[in-house]
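Quick notes on the structure that follows.
Owing to the predicted nature of the structure, the values given are computational and were not obtained by experimental measurement.
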Amino acid sequence: MDAFLNWFFAFITTMFSGIWQGIKSLFLGIVHIFDFGTYFDLFSQFQSDFGPIGWILAILSFILVYAFWLGLLVLFVLLIRKLVRYRSTVISNEDLLEEIDTLHRDVVRLTQEKERILAMKCANGIDDGVNLVLPEETDAMLVAKAATDVAAVETHPAGENNGEAQRFYRLAAVDEKYSNYQPPEYEDDVDLAQLCEEIRNFACFNSRLYYELKTIRLMIAGFASTKMILLQGISGTGKTSLPYVMGKYFRNDATIASVQPSWRDRSELFGFYNEFTKKFNETEVLRRIYESSFTDDVNIIVLDEMNIARIEYYFAEMLSILEMPDPEEWKIQLVSSVWNNDPVRLEDGKLKIPTNVWYVGTANNDDSTFAVSDKVYDRAFVINLDKKGVPFEAPETAPRRVSYEHVEKMYGEAVEKHPVSQTILDKIEKLDAYVIEHFRVAFGNRIMKQLKVFVPVYVACGGDELEGLDYMLATKVFRKFESLNLGLIRDEIKGLINFLDATFGKDTMKECIAFLRRLQKSY
């Protein structure tokens, strides 16, 4: 045992001696590096043999060597500071995560408390007149009572009044408003060209809003091809004001809904059913859509700053519904059950979207907004408002109540009277083949369907066939080039411009060529 202890002591002593020698050697090495006295003695021994070049090289050598060591020392200090800063950041992040976790637990606890209070309110009849629950009733009894009430609601026969509360207050008010409705006298003695002129003059004379006649024609013709218009461009060009003043002209004010960054689903647009209060939280957009089904007025709903949230999150269902060819299928499920006193125009809890509603979205393209996806661009009609209107003098123009039936009739007559000529269709086919070959981009059936409606109506509004075609191609087809690699297609764009000039006439397709040249410059 003594031999082992002696060996172990010698072993440990040798190890720590080596560690001490290493530390000592490192310290002495650093001291030797900066032993300027020794360096001065060495310099004194050799300086007598230095020539001018030797002196210069000696001084440069001394400076460079110590600059190297100084640089290493600075890097070491910076590394230490970075490690300290990183450690501080990690600790700070851990503290933040812990605080977030605590806040999350508090939110969950408060949410549960809120839900319990709402359940107690509902069960106690504070909102809907149900008999009060005695204090000694337990949570289980409250849940059972609520389930019984829901079952009773779902089994109410349609058409009977069992005394339950109204869950659609705004829509019920609309039912009451139109219970004895008498349709107004519509002023339908107007054609599309006159309609565009009057809207432009009305905006100028009454609101000092100056729009080009082409913009109004694009607006009216765009609604013929799709229910959704997207107005985009810089701020201050009158994007929101245009649908607003159109509502004033049609004697039926537009409903303007300001989109919020927090919008994530369709409930932001239509509202939602609250299971605890047994009420439907109705939005103004829902009320306007429902009310539109009672009249033949032209109705306009504006979604202001539409792309401040992702459009696909809250408006995707509407985009799909409005694409359906049969308007009878334009329905949205609001509630899953049916109450006997639900609004008269809800069918099995479904809201039917009337055809006499136009939807206008405004979009600013900046760092605070989301990019508009191809899905939205394909289904909507885009109007670019990139410059402020030029003031002009307009005659006094009164508003006019035009029926939606008359507008649809004018659209149908325009398509029959001004169909896209076969010559133009042949040129479009050639252009389609050229674009597919050189850019791998196709027109698509939806674009052709919209084109065959938009162009005739644009002509009926007083525009030119090629001008309408030019705008349609620029906003629907060539816009897709933005997603391509501009570096690879830059030379091909020049050939496309020449093809457009050769096929449709030189400088005829102004919108398309201007857009393509902007793409060339942007690379």
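Side-chain contact check for E197 versus T397: every heavy-atom pair is 4.5 Å or farther apart. A heavy-atom distance below 4.5 Å is not found between the side chains of F223 and I300. Considering only heavy atoms from C-beta on, N307 stays 4.5 Å or farther from V376 through its side chain. In this structure the side chain of V420 reaches within 4.5 angstrom of the side chain of P456, judged on heavy atoms. The closest side-chain heavy-atom distance from N206 to K248 is not below 4.5 Å. Proximity of F381 to M472: side-chain heavy atoms (C-beta onward) are separated by under 4.5 Å at one or more points. You'll find the side chain of Y314 reaches within 4.5 Å of the side chain of M306, heavy atoms only. Residues Y359 and I289 are in side-chain contact: their nearest non-hydrogen atoms beyond the backbone lie under 4.5 Å apart.
Summarising the geometry of Q450 relative to S225, their closest heavy-atom pair is O-CB, 3.7 Å, with the distance given to 0.1 Å. Scanning all heavy atoms of the two residues, the minimum distance from S403 to D188 falls at OG-OD2, 2.8 Å. Heavy-atom minimum distance, Y411 versus L192: CE2-CD2, 4.1 Å. A460 and H418 get closest at one heavy-atom pair: CB-CD2, 4.0 Å. Across all their heavy atoms, V402 and E187 have their closest contact at CG2-O, 3.9 Å. A309 and W263 get closest at one heavy-atom pair: CB-O, 3.7 Å.
Remark: the N384 side chain and the Q232 side chain contain an N/O donor-acceptor pair separated by less than 3.5 Å. Donor-acceptor pairing under 3.5 Å is recorded for the side chains of Y178 and E291. Between D304 and S258, the side chains place no donor N or O within less than 3.5 Å of an acceptor N or O (distance only, hydrogens not considered). N364 and T369 share no donor-acceptor pair across their side chains, judged by distance under 3.5 Å alone. With 3.5 Å as the limit, one finds no donor-acceptor pair spanning the side chains of N356 and D297.
In this structure, M219 CE and L385 CG are separated by 8.5 Å, a value rounded to the nearest 0.5 Å. If you take CD1 on I424 and CG on L431, they are separated by 11.0 Å, rounding to the nearest 0.5 Å. In this structure, SG on C512 lies 5.0 Å from CG on L473, to the nearest 0.5 angstrom. Going from atom CG of D432 over to atom CD1 of I428 covers 9.0 Å, rounded to the nearest 0.5 Å. Interatomic distance, I308 CD1 to I311 CD1, rounded to the nearest 0.5 Å: 11.5 Å. Taking CD1 from I513 and CG from D470, the interatomic distance works out to 7.5 Å, rounded to the nearest 0.5 Å.
Under a 3.5 Å cut-off, the side chain of N201 and the backbone N or O of P395 do not form any donor-acceptor pair. In this structure a side-chain-to-backbone donor-acceptor pair under 3.5 Å is present from R264 to P261. Under the 3.5 Å distance criterion, the side-chain polar atoms of D326 are matched with a main-chain donor or acceptor of E328. Checking side-chain atoms of Y211 against main-chain N and O of G238 turns up a donor-acceptor pair under 3.5 Å. One N or O on the side chain of T283 and one on the backbone of L269 form a donor-acceptor pair closer than 3.5 Å. Under a 3.5 Å cut-off, the side chain of E282 and the backbone N or O of Y169 do form a donor-acceptor pair. Listed for the K449 side chain is no donor-acceptor partner under 3.5 Å among the backbone atoms of G444. Panel note: side chain K476, backbone D378; a donor-acceptor pair is recorded below 3.5 Å. Looking at T237, its side chain never comes within 3.5 Å of a backbone N or O of D386 through a donor-acceptor pair. Looking at Q333, its side chain does come within 3.5 Å of a backbone N or O of V335 through a donor-acceptor pair.
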message: Could you go through Y377 and L230, starting from their C-alpha distance and side-chain angles, then the distance that decides it, and tell me whether this counts as side chain to side chain contact (heavy atoms under 4.5 Å, CB included)?
response: CA-CA 8 Å; Y377 274 131; L230 183 62; 4.0 Å; yes
Check against side chain to side chain contact (heavy atoms under 4.5 Å, CB included), F202 and I199: CA-CA 5 Å; F202 179 85; I199 292 175; 5.6 Å; no
query: salt bridge (Lys or Arg N to Asp or Glu O under 4.0 Å) between D253 and R288: does it pass, once the steps are laid out?
result: CA-CA 11 Å; D253 287 355; R288 181 59 180 271; over 6 Å; no
task: Report the C-alpha distance between E185 and R401 in whole Å, list the side-chain angles of each, state the deciding distance to 0.1 Å, and finish with yes or no for side chain to side chain contact (heavy atoms under 4.5 Å, CB included).
output: CA-CA 8 Å; E185 293 290 334; R401 188 183 292 273; over 6 Å; no
message: Applying side chain to side chain contact (heavy atoms under 4.5 Å, CB included) to I383 and L242, what does each step give before you reach the verdict?
response: CA-CA 11 Å; I383 299 179; L242 179 53; 5.8 Å; no
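Ring to ring, F478 and F515 are not that close: their centroids are 6.0 angstrom or more apart. Aromatic rings from F294 and Y181 are positioned such that their centres are separated by 6.0 Å or more.
Around the CD atom of Q260, the shell of radius 6.0 Å holds more than 12 heavy atoms that belong to other residues, nucleotides or ligands. For D464, the CG atom is densely surrounded, since the number of other residues' heavy atoms within 6.0 Å is greater than 12. Counting non-hydrogen atoms of neighbouring residues, nucleotides and ligands closer than 6.0 angstrom, the CD atom of E312 exceeds 12 such neighbours. Applying the 6.0 Å contact sphere to CZ of F392 captures more than 12 heavy atoms from other residues, nucleotides or ligands.
Contact check on R479 versus D374 returns a salt bridge, with a Lys/Arg side-chain nitrogen under 4.0 Å from an Asp/Glu carboxylate oxygen. In summary, R287 and E284 engage in a salt bridge, as defined by a charged side-chain N under 4.0 Å from a carboxylate O. Between K510 and E467, no side-chain nitrogen of the basic residue sits less than 4.0 Å from a carboxylate oxygen of the acidic one, so the salt-bridge criterion is not met.
The aromatic rings of F280 and F168 lie parallel to each other, with less than 30° between the two planes, well short of the 60° mark. Relative orientation of the Y404 and W358 rings is perpendicular, given thresholds of 30° and 60° on the angle between their planes.
Of the residues listed (R217, K387, R200), the one engaging E212 in a salt bridge (charged side-chain N to carboxylate O under 4.0 Å, His left out) is K387, and it is the only one.
Relative to the six-membered ring of Y273, R167 meets both conditions, a distance below 6.0 Å and an angle of at most 45° to the axis.
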